[in-house]
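Heads up: the structure comes next, in structure tokens.
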Amino acid sequence: MPHDDFPPASVWLVGAGPGDPELLTRKAARLIAAADMIFYDALVGPAVLDIAAPDAERISVGKRSGRHSKDQATIDALIVAAALSGKRVVRLKGGDPAIFGRTAEEVAACRAAGVTVRICPGITAASAAAAAAGTALTLRGEARRLTFVTAHARAGEKLVLDWAALAAEQGTLAVYMGRAAATTVAQGLIAAGRRADTPVAVVVNASLPSERIIRGKLSSLAFLVETIGERDPTMLLVGEAVRAPARVVARRGVEEVAS
């Protein structure tokens, strides 16, 4: 099959989606299958990597819970070197590459080296988490705004966010990598004026067979995350739009916890 948009010595930054291989775009699957070399994140599941050609080289460059297999400068250099050696390179990222994925740094490194680089978007974790919870991220009359933030701070640094802006009513807040910062998030939002009884949904391993959904109130957020392992990808959804529906349909792998 020809790949006119993926010649040798070029790079695609590809969104792998939230984990379920059926949530890959057709374009993402095609690019993964065509790659000679794939640099993949920790959140990219084995079923997604199985799409790669048998002879494609797969290299883990994952970062998780502060444990980095390689620093960003090294990842940039590896991608560029692979492309300059004539490989078709896929940099495979969980979710969407443009949302908290350091895409700008990798694009800049490729362009500085004269390497052609393109971006293939993917389904982001917030969308998958809302779908898993059977809810929406916006709600007419209740949630007119949607804000994405990351709760991940650099090693040794305190999480600093504009809590006053994030606590505004009529909005949904989606907090990526939120498990470890759940207490800080709840305290910051409540101190800034968000109601303590604001609905929250904690979605763990969204779209995967091990998916869990834990519902409650903002004031209970620290308690809700206590049973979540530090390696489990966790999304925090805060706002009226994620209030539990009146009728919940039980599904395999979904846990509903009220608080």
Worksheet item: Does one side chain, of Thr103 or Arg91, offer a donor that lies under 3.5 Å from an acceptor on the other?
Response: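 No pair is found: no donor N or O on one side chain lies under 3.5 Å from an acceptor on the other.
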
In the structure I gave you, are the side-chain heavy atoms of [X] and [Y] within less than 4.5 Å of one another anywhere?
X	Y	result
Ile32	Leu92	yes
Arg194	Glu169	yes
Ile214	Ile228	yes
Leu189	Thr198	no

Closest contact, heavy atoms only, [X] versus [Y]:
X	Y	result
Pro8	Arg88	CD-NH2, 3.6 Å
Gly94	Asp41	N-OD2, 3.9 Å
Leu218	Val238	CD1-CG1, 4.3 Å
Ile190	Ser219	CD1-CA, 3.9 Å
Cys110	Ile79	SG-CG2, 3.9 Å
Leu237	Ala174	CD2-CB, 3.8 Å

Please confirm whether the backbone N or O of [Y] pairs with a side-chain atom of [X], one donor and one acceptor, at under 3.5 Å?
X	Y	result
Ser60	Arg58	no
Asp162	Ala165	yes
Thr138	Arg144	no
Arg145	Ala143	no

Discussion item. Would you say Leu43 ends up clustered with Ile123 if hydrophobic residues are merged whenever their side chains have heavy atoms under 4.5 Å apart, either directly or through other cluster members?
Written reply: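 In one cluster with Ile123: Leu43, no.
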
Worksheet item: According to a 4.5 Å side-chain heavy-atom criterion applied to Ile, Leu, Val, Met, Phe, Trp and Tyr, with indirect links allowed, do Leu31 and Leu23 form part of one hydrophobic cluster?
Response: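 In one cluster: no.
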
Nearest 0.5 angstrom please: [X] [atom1] to [Y] [atom2], how far?
X	Y	atom1	atom2	result
Leu224	Arg179	CG	CZ	13.5 Å
Met37	Lys87	CE	NZ	5.0 Å
Lys93	Leu13	NZ	CG	6.0 Å
Asn205	Met235	CG	CE	12.0 Å
Met177	Thr234	CE	OG1	11.0 Å
Ile99	Thr124	CD1	OG1	3.5 Å

Worksheet entry | Trace of the side chain to side chain contact (heavy atoms under 4.5 Å, CB included) decision for Leu139 with Val242 | CA-CA 9 Å; Leu139 181 64; Val242 300; over 6 Å; no

Discussion item. I'd like to know whether Thr172 forms a side chain to side chain contact (heavy atoms under 4.5 Å, CB included) with Thr147, so could you lay out the CA-CA distance, the side-chain angles of the two residues, the decisive distance to 0.1 Å, and finally the verdict.
Written reply: CA-CA 6 Å; Thr172 303; Thr147 304; over 6 Å; no

Practice prompt. Would you sort out whether Val200 and Leu236 count as a side chain to side chain contact (heavy atoms under 4.5 Å, CB included), showing the intermediate values?
Written response: CA-CA 7 Å; Val200 299; Leu236 311 179; over 6 Å; no

Practice prompt. List in chain and number order the residues that pass side chain to side chain contact (heavy atoms under 4.5 Å, CB included) with Ala28, two or more places apart in sequence or in another chain; answer none if no residue qualifies.
Written response: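 Per chain and number, Ala28 pairs via side chain to side chain contact (heavy atoms under 4.5 Å, CB included) with Val14, Leu24, Thr25, Cys120.
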
Fill in: Pairing residues for Asp76 by the side-chain hydrogen bond (donor to acceptor under 3.5 Å, both in side chains) criterion, not counting sequence neighbours
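Testing Asp76 for side-chain hydrogen bond (donor to acceptor under 3.5 Å, both in side chains), a comparison that skips the adjacent residues, returns Gln72.
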
Fill in: ring pair (Phe, Tyr, Trp, His ring centres under 6.0 Å) involving Tyr176 - partner list, sequence neighbours excluded
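By the ring pair (Phe, Tyr, Trp, His ring centres under 6.0 Å) rule, Tyr176 matches Phe100, Phe148.
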
Worksheet item: Applying the side-chain contact (heavy atoms from CB on, under 4.5 Å) test to Phe39, which of Val11, Val89, Ile75 qualifies?
Response: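 Exactly one candidate clears the test, Val89.
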
Discussion item. Check this for me: Arg118, atom CZ, are more than 12 non-hydrogen atoms of other residues, nucleotides or ligands nearer than 6.0 Å?
Written reply: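 Result for CZ/Arg118: enclosed.
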
Worksheet entry | Derivation and outcome, side chain to side chain contact (heavy atoms under 4.5 Å, CB included), residues Trp12 and Ile119 | CA-CA 6 Å; Trp12 274 93; Ile119 301 171; 5.6 Å; no

Discussion item. Any carboxylate oxygen within less than 4.0 angstrom of a Lys/Arg side-chain nitrogen, looking at Glu240 and Arg195?
Written reply: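 Salt bridge between Glu240 and Arg195, a charged N being under 4.0 Å from a carboxylate O: yes.
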
Discussion item. I'd like to know if Asp5 and Arg30 make a salt bridge, using a cut-off of under 4.0 Å between side-chain N and carboxylate O.
Written reply: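 Yes.
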
